[in-house]
Asks: 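First the structure, then my questions, so here it is.
The analysis underlying the following values was restricted to heavy atoms, covering all of them including side chains, and did not include hydrogens, waters or symmetry mates.
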Amino acid sequence: MKFSKWQGCGNDFVIVDFLDHEPVDFAVLAREMCDRHFGVGADGLMAACPSETADVRMREFNPDGTEPEMCGNGIRCFSRWLYEQGYVTKDEFTVETLAGTMVPHVIVQDGTVSAVAVDMGIPVLEGARIPVAGFGTEHVVAQPIMVAGKEYAMTCVSMGNPHCVVFVDDADGFPLEKLGAQFEHHTAFPHKINTEFVEVRDRRHARMRVWERGAGITLACGTGTCATLTAGVLNNVLDREAAIEVDGGVIHVAWREDGHIVMTGPAEQVFTGEWPGVR
């Protein structure tokens, strides 16, 4: 089975083509291929599948085999791969995901793809829909949460997948490796959670580090940057358009007046190869 390895701001993915092949056990395949010692190594597996409602269906699997609803960096990589493989012929098209239909736009300059922008839809703010236990239809903005004996202020958002944004004084010095899993598995989050620890540099620039549900520390999280901007606006510390600096680069996010979040960032192919055992 042929595959492509891609990265968006250091968040890396294996992409496999099942548009004309019968599906396999993608959870098992993800655990094998994403392993950084015995496999290809990646933060996730993307499978291109046929769709009855969009141009293509994207299925994504974490390194632990779980299937999240959405991945922002992943869909940028997936979209450029589709475009350059010729599976789509327009620079704007539709991709079916568990979080709904996304609309990527491939930005081409001088004949080369320079970035991919994705309309990520309208952020979900009601606690029960994110979900966050105990909030019902209320928004979860700067609400207290106890983790490892310390109280933090959380702002929670769903971008099709759940996020908890915590504003900190020093994102680079925050003990992410010690506390990330404790946020992920906190009882407040019935479906677990992606957590962003964010330092606001100014109203149009923030530094974000992330612990992803099912993957741990990653160099970037596209939906996390969207959640970060949303939380920043709700807390009146960021404008509606800002550059979000992650460990692997910078992603630009805008919250349009129509309520939609648009995320723009890089997507680069790393290498291609062939995986044994799947035809």
Side-chain angles (χ1 to χ4, degrees), residues 4-15 27 30-37 39-46 58-81 97-99 116 118 120 157-166 168 171-186 189 191-199 206-229 231 243-253 263-270:
S4 290
K5 173 76 178 283
W6 287 73
Q7 62 87 14
C9 288
N11 203 189
D12 57 345
F13 307 94
V14 174
I15 301 177
R31 288 194 292 268
E32 293 176 349
M33 294 191 77
C34 292
D35 191 292
R36 295 194 182 276
H37 299 287
V40 179
D43 292 323
L45 172 75
M46 304 286 180
M58 181 184 83
R59 295 190 67 187
E60 189 217 348
F61 293 82
N62 289 322
D64 65 358
T66 55
E67 185 173 9
E69 301 87 349
M70 183 56 196
C71 177
N73 288 311
I75 196 171
R76 291 202 318 274
C77 293
F78 185 81
S79 298
R80 182 172 179 179
W81 174 82
T97 75
L98 287 179
V116 179
V118 184
M120 302 290 288
V157 179
S158 173
M159 293 304 307
N161 57 351
H163 292 269
C164 169
V165 179
V166 177
V168 297
D172 290 305
F174 190 84
L176 184 60
E177 64 286 344
K178 294 181 180 179
L179 296 179
Q182 296 192 52
F183 275 90
E184 177 185 357
H185 297 281
H186 196 284
F189 309 119
H191 295 172
K192 299 192 287 188
I193 202 82
N194 302 286
T195 310
E196 287 76 39
F197 301 94
V198 180
E199 175 189 346
R207 171 76 172 104
M208 181 195 101
R209 299 188 67 214
V210 61
W211 179 281
E212 291 198 57
R213 179 183 58 164
I217 297 173
T218 61
L219 297 182
C221 176
T223 54
T225 63
C226 299
T228 289
L229 182 79
I244 311 299
E245 178 189 344
V246 295
D247 285 355
V250 176
I251 297 172
H252 296 270
V253 186
M263 169 200 63
T264 304
E268 302 289 342
Q269 181 174 281
V270 182

Asks: What I want to check is whether the side chains of T218 and E212 have a donor and an acceptor closer together than 3.5 Å.
Replies: yes

Asks: Output all residues satisfying ring pair (Phe, Tyr, Trp, His ring centres under 6.0 Å) with F13, sequence neighbours left out; order by chain, then residue number.
Replies: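 For F13 there are no ring pair (Phe, Tyr, Trp, His ring centres under 6.0 Å) partners, ignoring immediate neighbours.
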
Asks: Assess the residue pair M208 and C221 against the criterion (side-chain contact (heavy atoms from CB on, under 4.5 Å)); give the C-alpha distance rounded to whole Å, side-chain angles, the decisive distance to 0.1 Å, and a yes or no.
Replies: CA-CA 9 Å; M208 181 195 101; C221 176; 4.3 Å; yes

Asks: Does one side chain, of T223 or N161, offer a donor that lies under 3.5 Å from an acceptor on the other?
Replies: yes

Asks: So does P162 get a backbone contact from the side chain of N194, meaning a donor-acceptor N/O pair under 3.5 Å?
Replies: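 Checking the backbone N and O of P162 against the side chain of N194, a donor-acceptor pair under 3.5 Å is found.
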
Asks: Inspect the surroundings of NE2 in H191 and state if more than 12 heavy atoms from other residues, nucleotides or ligands are less than 6.0 Å away.
Replies: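 Incorrect, the count does not exceed 12.
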
Asks: Under the side-chain hydrogen bond (donor to acceptor under 3.5 Å, both in side chains) test, which residues partner W6, sequence neighbours left out?
Replies: none

Asks: How would you list, by chain and number, every residue that makes a salt bridge (charged side-chain N to carboxylate O under 4.0 Å, His left out) with E245, sequence neighbours excluded?
Replies: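 Salt bridge (charged side-chain N to carboxylate O under 4.0 Å, His left out) list for E245, sorted by chain: R201, R207.
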
Asks: Please name all residues satisfying salt bridge (charged side-chain N to carboxylate O under 4.0 Å, His left out) with R80, sequence neighbours left out, ordered by chain then number.
Replies: E84, E268

Asks: For D35, enumerate each residue passing the salt bridge (charged side-chain N to carboxylate O under 4.0 Å, His left out) test, keeping only those at least two apart in sequence or located in another chain.
Replies: none

Asks: Between R76 (side chain only) and G265 (backbone N and O only), is there a donor and an acceptor less than 3.5 Å apart?
Replies: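 Yes.
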
Asks: Evaluate the ring planes of F197 and F174, with Trp represented by its six-membered ring, and classify them as parallel (under 30°), tilted (30 to 60°) or perpendicular (over 60°).
Replies: parallel

Asks: Using every non-hydrogen atom in the two residues, find where G65 and A27 come nearest and quote the distance to one decimal.
Replies: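 Between these two residues, the closest heavy atoms are O-CB, 3.4 Å.
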
Asks: Suppose we screen for salt bridge (charged side-chain N to carboxylate O under 4.0 Å, His left out). Which residues come up paired with D12, at least two apart in sequence or across chains?
Replies: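 Partners of D12 by the salt bridge (charged side-chain N to carboxylate O under 4.0 Å, His left out) criterion, ordered by chain and then number, come out as K5, R36.
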
